[in-house]
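Working notes for the structure below.
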Amino acid sequence: MDDSELLVSSEERRIKGNCKCSHGTHGVESKVVDNFRRRLKYFFMNPCEKYRARGRKPWKLMLQILKIAIITVQLVSFGLSNEMMVTFKDENLMTFRHLFLKGYKDQQLRNYALYTKADVYDHIHYIINRYIHLQNLTIGNLAYERADGGVAPLSLCQEFYRNSSIDPENETFDIDPHVEKDCFSIYPLQPLHNNTLLSTHFQALAIRVLINLPDCYDFHIMIGFDNRAHSGMIKVHVDNAVKIYECRDWNVEENDNMLLLLFDSGVILACFISLILCTRSVINGVKLQFEFHIFFHTYYNKTVSWSDRMEFVNGWYILIIVSDTLTIAGSALKIGIQTKFLTNYDVCSILLGTATMLVWVGVIRYLGFFKKYNILILTLRAAFPNVIRFCCCAAMIYLGYCFCGWIVLGPYHDKFRTLDKVTECLFSLINGDDMYATFLKMRDKSYLVWLFSRLYLYSYISLFIYMVLSLFIALITDTYETIKHHQSDKLPVSQLQAFMGECSDQPESGRYQSDEEPSSCCLSSCCCFR
């Protein structure tokens, strides 16, 4: 006997003898049940069906469509501006490398190192001379930073152990681990007594006028000579800390920055309205859930399952609320960046990028109004719990291979040198990427490590590609077939759907025009209709 038959028989028993009420009371009571069933069915209708049922325009649907357009336009606008900013910073960093690293060539920084004392001193002199003649050398819009009425000096700093004595011949050393830092101006030079890190840093000013308002960039350049390993190779690196602010005096004709600010304000307003509407819908759904739970317990003496109760919490509305919150925060940051009060490009990019991703993911909800597209949503929702449990089990095996590969193959293979590289390499191997190169790099190593690497890689690839990945696909495929079978047979999958299925009123029937809601007395089936 299915759920719908149980509900009917339960209602018949209640009408026949559970309550000593008149026949007129039974009719009113049956009307209350029908009204509540109709109310539930209206709640789960899509916007188009609600429009046909009550003639209410789908304002939330139209607002979401508008949001997709304006948020995408906003993201593209910010992305283009951000792209120009990043390109400008990268090109200036490349310029500083060519200006201050002697003999530097493109793509050489990773292997740029010094091996003799003469080279170290020569490079320091080279940096100082290039800094002094910077404005005569560069073709960019660069100027020295001003400090205390003058030009900010180039600082030469040295970090070294307080006392250190190393004698390789006698294999003895005496080191005081306390590190001291000594900085001085650009003209005196000191020997590099067992230094751990020597660096030069200075500030320069650049102006970029490629977007609506001109930007002034304060570059804090640090050139580091890294000798911490004391391996005979001093690695040289260039770091660039950038501060962006509005120039003191600027004049740009036909500035449309105000239009962008108004547009961003409109995005914030639209998202705020959407946030209020979706929050109200979620609250109404939670209230209706409690009403249904009490109603079902009172009339049928049954407890509503959690799966049925969660049907009232619309996950798409939660997604929209999160997206609106991120968009409002990101748009506020974008306005601050455009007005030069803030420079958090990375934070703004994360907020706007995530919000736009969620907005476009939410489009799947509207495709779900069509039955042929809805199967994807149902499959994802039904398979999600099993997928999570399966991934937790597979992750244990995956982490075991990660730690093993890192500790054994790390000294002999670049892709296993660090733990994060191991995870990236093994994840790529699951998809069959760069598989031959991973095997090839272990060919010239010791025989024991080579043999272990073969056993390690063959077992991992066989396990994850042929077993784990196949089981993962089979798990989703099985869920898809189950959902497809239920759709074809029209089987009710829950008590909630069985209860609503007894309502045969179509949206165009006119039975949904009334906004009546059962009063609180309907929760007591034996005494409220006397």
Side-chain angles (χ1 to χ4, degrees), residues 2-3 44 46 64 68 282 285 305-323 326 353-403 405 420 422-435 438 457-498 500-501:
D2 58 12
D3 289 337
F44 287 100
N46 62 53
Q64 299 309 316
I68 293 174
V282 171
S305 64
W306 275 106
S307 59
D308 284 348
R309 298 184 69 172
M310 292 305 297
E311 290 287 335
F312 292 88
V313 181
N314 195 322
W316 295 112
Y317 288 151
I318 303 297
L319 184 72
I320 294 173
I321 290 173
V322 175
S323 173
L326 294 178
T354 305
T356 307
M357 178 188 69
L358 296 179
V359 166
W360 279 97
V361 169
V363 175
I364 300 178
R365 177 193 178 220
Y366 306 114
L367 295 178
F369 296 157
F370 307 95
K371 292 183 178 180
K372 292 184 178 180
Y373 295 96
N374 192 39
I375 191 169
L376 172 61
I377 303 173
L378 296 177
T379 303
L380 292 176
R381 185 172 61 181
F384 184 75
N386 292 330
V387 167
I388 293 298
R389 287 190 289 268
F390 181 84
C391 290
C392 290
C393 296
M396 302 300 104
I397 306 175
Y398 182 79
L399 290 175
Y401 271 92
C402 287
F403 288 117
D420 59 329
V422 176
T423 57
E424 295 168 0
C425 176
L426 293 183
F427 187 79
S428 299
L429 288 177
I430 295 178
N431 300 307
D433 297 337
D434 208 18
M435 192 176 297
T438 305
L457 292 174
Y458 279 123
S459 63
Y460 174 80
I461 292 172
S462 301
L463 178 63
F464 273 84
I465 292 182
Y466 303 127
M467 294 182 63
V468 175
L469 192 59
S470 299
L471 288 173
F472 183 81
I473 296 174
L475 185 67
I476 299 178
T477 304
D478 181 66
T479 306
Y480 172 79
E481 293 296 335
T482 303
I483 296 297
K484 189 176 180 180
H485 176 69
H486 283 175
Q487 281 193 336
S488 61
D489 294 343
K490 307 293 183 180
L491 296 177
V493 295
S494 65
Q495 292 178 336
L496 174 63
Q497 293 185 5
M500 291 190 302

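Just the heavy atoms: all of them, side chains too, but no hydrogens, waters or symmetry mates, feed the values below.
Note that SG of Cys425 is 10.5 Å distant from CD1 of Ile430, once rounded to the nearest 0.5 Å. Between Ile397 atom CD1 and Tyr460 atom OH the span is 10.5 Å, to the nearest 0.5 Å. Remark: Tyr466 OH to Leu471 CG distance equals 14.5 Å, nearest 0.5 Å. Atoms CG and OG1, on Leu326 and Thr356 in that order, are 9.5 Å from each other to the nearest 0.5 Å. With rounding to the nearest 0.5 angstrom, the CZ atom of Phe464 is 11.0 Å from the CG atom of Leu429.
A donor-acceptor pair under 3.5 Å is absent between the side-chain atoms of Tyr398 and the main chain of Cys391, judged by distance alone. Using modelled atom types, no side-chain atom of Tyr401 and backbone atom of Leu426 make a donor-acceptor pair closer than 3.5 Å. When atom types are taken as modelled, the side chain of Ser462 and the backbone of Tyr458 share a donor-acceptor pair closer than 3.5 angstrom.
Put simply, the side chain of Thr354 does not reach to within 4.5 Å of the side chain of Val322, judged on heavy atoms.
Shortest non-hydrogen contact noted between Ser323 and Leu358 is CB-CB, 3.9 Å. Taking each heavy atom of Val422 and Cys402 in turn, the nearest pair found is CG1-O, 3.4 Å. The two residues Ile476 and Thr379 have their closest heavy-atom pair at O-CG2, 4.1 Å.
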Would you sort out whether Thr482 and Asp478 count as a side-chain contact (heavy atoms from CB on, under 4.5 Å), showing the intermediate values?
CA-CA 6 Å; Thr482 303; Asp478 181 66; 4.3 Å; yes

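For Phe384, there are no ring pair (Phe, Tyr, Trp, His ring centres under 6.0 Å) partners, not counting sequence neighbours.
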